[in-house]
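Step one of this worksheet: look at the structure below.
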Amino acid sequence: MSRRRNRHSVLANRARMAVVVLLGILAAVLFRAQVLRATDWLLQSERNRLRPLTVPAPRGIIRDRDGRVLADNIPGYSVSIVPDQPDSMLATLRRLREHLDIPGGRLDALSQQVRAGGPRPLLVTGDAPFDAVAALEERRSGFPRLLIEPRPKRRYPAGQLGAHVIGYVGEINEVELGQPEFEDAEPGWIVGRSGVESHYESLLRGNAGTRYVEVDAAGRIVGSFGGVQGVAADPGEDVDLNLDLELMEWIHQVFPDGLNGAVVALDVETGGVLALYSAPAYDPNVFAGVVDAEEWSRLVANRQSPLYHRAVTGTYPPGSPWKLVTAAIALDLGVVTPDEHMPVPCRGAYAYGNRVAGCWDSEGHGSLDLPGAIQHSCNVYFYQLGLRIGLARMLGVGNRMGFGNQCGIDLPQESGGIFPESVDFWERRFGYRAQEGEVLSLAIGQGPNDQTPLKMAQFLLAIARDGSAPAPTLYREAEPAEGWRLDIRTEHLEEIREGMRRVMQPGGTAHLSSLEHFDLLGKTGTVEHGGDGPEHAWFTGVAGPFGDPPEIVLVAMVELGGSGSAVAAPLVAKAADFYLRGKHGMPRDTIQTLREYFMAGRNTAWANTRESR
Amino acid sequence: MTGTRPAWLRQLPFTATVLVLSLFGVAMIYSAGVLEVPSPVTEGLWLRQAVILAAAVVGLLILSRVPLRWFEWFAMPVYIVGVAVLAITLVAGTGAGTAEGVNSFLSIAGFRFQPAEAAKVTTALALALLLARREEPPRYLRDLLTPALLVAVPLGLVLLQPDLGTALAFVGMFFAIIYWARTPWPLILFAASPGLGLLLAFSARVWSVYIIVLVVALYLYRFRLYLVESVSVILGNVAAGAVAQPLWNSLAQYQRNRLLVFLDPSLDPRNAGWQLIQSKVAIGSGGLMGKGFTAGTQKRLAFLPEQHTDFIFSVVGEELGFVGTSLTLLLFCHLFLRMIRMAETASTPFAGLFIFGIMGVWLTHVFVNVGMTIGVVPITGIPLPFISYGGSFLLMSWTAAAIAVALASEDP
């Protein structure tokens, strides 16, 4: 008995050692994991369960010069699906259609995204209606992987009026995601798509924040988590514009119904853009959420091209207003003095080489000085002035003034003018060497020359100022792009303005658009465009109180509007009157131009007594 | 003395430890059911476990009064019944719960039962009886042939289910009992050598070196073995090496993956490696003090698989930290040392062999289960005694404990 016991006590001791060693190994490994390496594992468990979600920053607010809101944010909701098996995501999408309006096209696109996979939540809509959100929240348990988040939604209170200038926002696309300026962007981000929204994207966007949600192993969001501090979103900066929304509204009101075109208004003192109007327009609010593909194709297919920003990207033959440019170039070069008459008086046509170039008035204007030629828009005078300048110099100074380039306005899209950069242009473009006679067409605003309304306005700005033309700017604190300057003596500039003033006086082409209270100077244009229908109507003008320097530059261009004096001039006159009355604290009136005075039977004595110098 | 104090009270350090472990298990099963997204699978399981525990306690009070002789009489018949039921299970068994793919359950009158758990106890009884009847300790390999066959039959049936974890428990039991039967250690090693040969066969070079070492060992031990035995050992090892590749190929993909990810969890972090990685994260992130009872995030958020059965130790690690895991191991350590003591002081060889055999089973369970949660052992479906959820296992563990108490308390 005791022998067996002794034999067993050896076995038992060995067994005890074995037990202690085996359990000791486990304890040692546990000690290493739980005491020595605990922080590593803790980090991994946090990473396991916490998912960062982006908190979008509210975009900056865009306001006009008087603080009227052009773009702001209203509370909205985004609905997304947390990634899962494609089949169940598609099923969720189908069930979502009971509560959310998902157009067929959008559904197809979403299904494609589901099949492509990806770790991020699938954004179903960035703009879910409140009642749909409420209904979904009620059925929360039926949609376990649904992510409903507040998301500021862009609103454009000015609607169509701001469409082209303010632009709109949209979800960032694949191309943009690859660009360096969107380095830290994520899919689903809202970025500026056009206009100020796009140009000042970096100011407006702000910095997105992060918050953490707790997810379970299946990826379901279990709750938001306060333990790990997220980063609060940093709202974007507000952008205050030089734009005058009231003036835009007024222009919209007086712009001829059914016609297309553009109006540009600049502040003479600063070059700030007071109005940038393009008709027809569209409502940018339709782009605020997820763009409806049908709505988009309707806009694109519209033959009137509402998406087209005519004021800034539309190029048109400048026609008669260009005579002011010819005059300015001549004075800049010093090839003429304002009181000088051209050798050949106007008899309705001008013979050059073996061709005869006509004046618009076949009766002829006789012998004219520069202001007179501007007043009567005499082609014969300007043919001769063009010849004095010469083709090469005309192109040289024209290019210096930037007629082949953009103005450099603070907008993402701007068309440059089409203007020959040198005499080689004809050879390259039309296959023949330019003759000196080409200058005849150029001098009266014809030939290979197309300009945007904005560019014409910038030129007028130089005439209204001291010959210097800064780049027009929308943002009040913008650093204007480099402008240019004319080398013209002040009194010569005044002669050009005098010519424009006479346009508004009895016998001038736009007399009926003259104003009682303000000194409006202008130049009409009625331009053939090579297509069917009426001519394009131009009017370029500057205006201010009598006896004071001009305060506003206005350019109106109405496609197929017909006569510049009948259609474009009243538009500019009414806009100038509206703006200046407001600026100088005078009551506004809808009866503004001489023609309206006549129609209303008012006293028009002021129009007849107005003397030229 | 028998009349004065009941058996369970005389073995109080043992019975108390078993009870504490079981109560701790119920608590951890409760915690395993506390999930962020409630699951019908784990909800209320702790209550079922508690009810079964109550039944087990009553069972122990009754069974621990049964005289030793009864067990001696019944050992063989019960063993045969156990094997028969295992065979029936292979045909009529179903999967259940987390062991869905394994046909290890038998339903009788609405009760679902795992016959393999009972077979462990009946086999231990039979094996203990077989070796207790020997006058001398086994001296030749041939002496181990009958005991090996006795274990091989239920083990084979369990492997066919296929339930590798329970099979391992049989292996642990076999070696524990032949060890306690005073089998010389070289003999134990030779008996174990084909298993080792199977494992080492993954590399032809390693296996060749191993065979040479084995041959030298056999040569040195030649005076204690019949030639035919030495040849058998060699043949057994060669056979093991030969079947290793076909055996590997016959494994289900998930079984192969489990072995592969044991070597490198990042091989398949989403599927086979998932359990191991998430379990290690759970235990490691528990740190020294743990995240708090029921507060483990790995578990709450369902990152942890099988959190109420095979991976309940990970919940202990995550929620109670190193303090909890080391205390649990200490409790087991105390239990095992106590059982060694009981075996040592037992009045009959049968009692000692049985108690030591059961200790071997539980030690295998604890080492493999805890080892797999921290990556020391490949993942095997094997529960943690008294703590993992599972009615059959708890009941049969308590039955084994009751028999151990009964046998240990028997006076000579």
Side-chain angles (χ1 to χ4, degrees), chain A residues 1-51 140-141 144-145 212-223 225 227-228, chain B residues 35-37 137 176 179-180 182 185 274 277-278 280-291 296-298 300-305 317-318 321-326 329-330 332-333 336-337 339-341 343-347 349 352 356 359-360 363 366-367 370-371 373-376 412:
Chain A
M1 181 66 211
S2 76
R3 216 181 100 243
R4 207 191 73 218
R5 276 244 172 137
N6 286 342
R7 290 287 303 275
H8 263 124
S9 68
V10 175
L11 288 182
N13 284 337
R14 283 189 194 146
R16 286 187 185 102
M17 262 165 62
V19 167
V20 170
V21 166
L22 283 179
L23 298 186
I25 289 171
L26 297 179
V29 174
L30 285 167
F31 182 79
R32 195 174 80 129
Q34 298 192 285
V35 180
L36 303 182
R37 296 255 179 102
T39 42
D40 295 351
W41 292 116
L42 192 63
L43 201 70
Q44 204 163 332
S45 104
E46 296 288 271
R47 217 178 294 143
N48 242 348
R49 72 194 179 102
L50 297 178
R51 296 276 182 284
R140 194 84 203 159
S141 56
R145 304 179 74 92
Y212 288 91
V213 290
E214 197 170 29
V215 297
D216 69 3
R220 285 176 293 211
I221 290 178
V222 171
F225 181 69
V228 172
Chain B
L35 299 176
E36 212 61 57
V37 178
Y179 169 79
W180 197 250
R182 287 173 286 157
W185 62 267
W274 172 265
I277 291 171
Q278 297 303 339
K280 283 166 103 172
V281 168
I283 291 174
S285 65
L288 185 63
M289 302 302 294
K291 296 176 185 172
T297 56
Q298 286 282 104
R300 290 182 78 95
L301 300 166
F303 286 99
L304 202 58
E318 183 177 28
F322 182 67
V323 171
T325 54
S326 53
L329 288 183
L330 270 178
F332 276 117
C333 191
F336 298 149
L337 295 181
M339 289 173 83
I340 292 170
R341 182 99 201 125
E344 201 180 8
T345 56
S347 55
F356 199 83
M359 196 279 294
L363 182 60
V366 171
F367 187 77
V370 174
T373 62
I374 48 179
V376 173

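Just so it is clear: chains get the letters A, B, ... in the order the sequence lines come, proteins before strands, and each one is counted from 1.
- Nearest heavy-atom pair, Val376(B) versus Phe367(B), reported as atom, atom and distance to 0.1 Å: CG1-CZ, 4.4 Å.
- Considering only heavy-atom pairs separated by less than 4.5 Å from chain A, the leading option among Gly284(B), Cys333(B), Pro305(B) is Gly284(B).
- Proximity to chain A is limited to the side chain of Phe336(B), based on heavy atoms less than 4.5 angstrom apart.
- Ranked by non-hydrogen atom pairs under 4.5 Å with chain B, the options Arg37(A), Gln44(A), Arg32(A) are led by Gln44(A).
- Heavy atoms of Arg14(A) lying under 4.5 Å from chain B belong to its backbone as well as its side chain.
- The parts of Leu329(B) that come within reach of chain A are both its backbone and its side chain, each placing non-hydrogen atoms under 4.5 angstrom from that chain.
- Contacts between Val281(B) and chain A at a heavy-atom distance below 4.5 Å involve backbone atoms as well as side-chain atoms.
- Side chains of Thr373(B) and Lys280(B): a donor-acceptor N/O pair is absent below 3.5 angstrom, by distance only.
- For Arg300(B), no part lies under 4.5 angstrom from a heavy atom of chain A.
- Counting heavy-atom pairs closer than 4.5 Å to chain B, the top-ranked of the candidates Leu36(A), Thr39(A), Leu30(A) is Leu30(A).
- In terms of modelled atom types and a separation under 3.5 Å, the side chain of His8(A) and the main chain of Ala343(B) share no donor-acceptor contact.
- Ranked by non-hydrogen atom pairs under 4.5 Å with chain A, the options Ile283(B), Leu330(B), Leu35(B) are led by Ile283(B).
- Gln298(B) places a side-chain N or O within 3.5 Å of a backbone atom of Gln278(B) that can act as its donor or acceptor partner.
- Of the atoms belonging to Tyr179(B), heavy atoms from both backbone and side chain fall under 4.5 Å from chain A.
- For the set Leu42(A), Asp40(A), Leu43(A), the entry with the most heavy-atom pairs within less than 4.5 Å of chain B is Leu42(A).
- Between the CG atom of Leu23(A) and the OG atom of Ser326(B) there is a distance of 12.0 Å, given to the nearest 0.5 Å.
- Gln34(A) and Thr325(B) are linked by a side-chain donor-acceptor pair at a separation below 3.5 angstrom, with hydrogens and angles left out of the test.
- Pairing each heavy atom of Gly287(B) with each of Ala38(A), the nearest pair is CA-CB, 3.7 Å.
- Ring planes of Phe356(B) and Trp180(B): parallel class, angle under 30° (limits at 30 and 60°).
- Your options are Leu288(B), Val370(B), Leu304(B), and the one with the most heavy-atom pairs under 4.5 Å with chain A is Val370(B).
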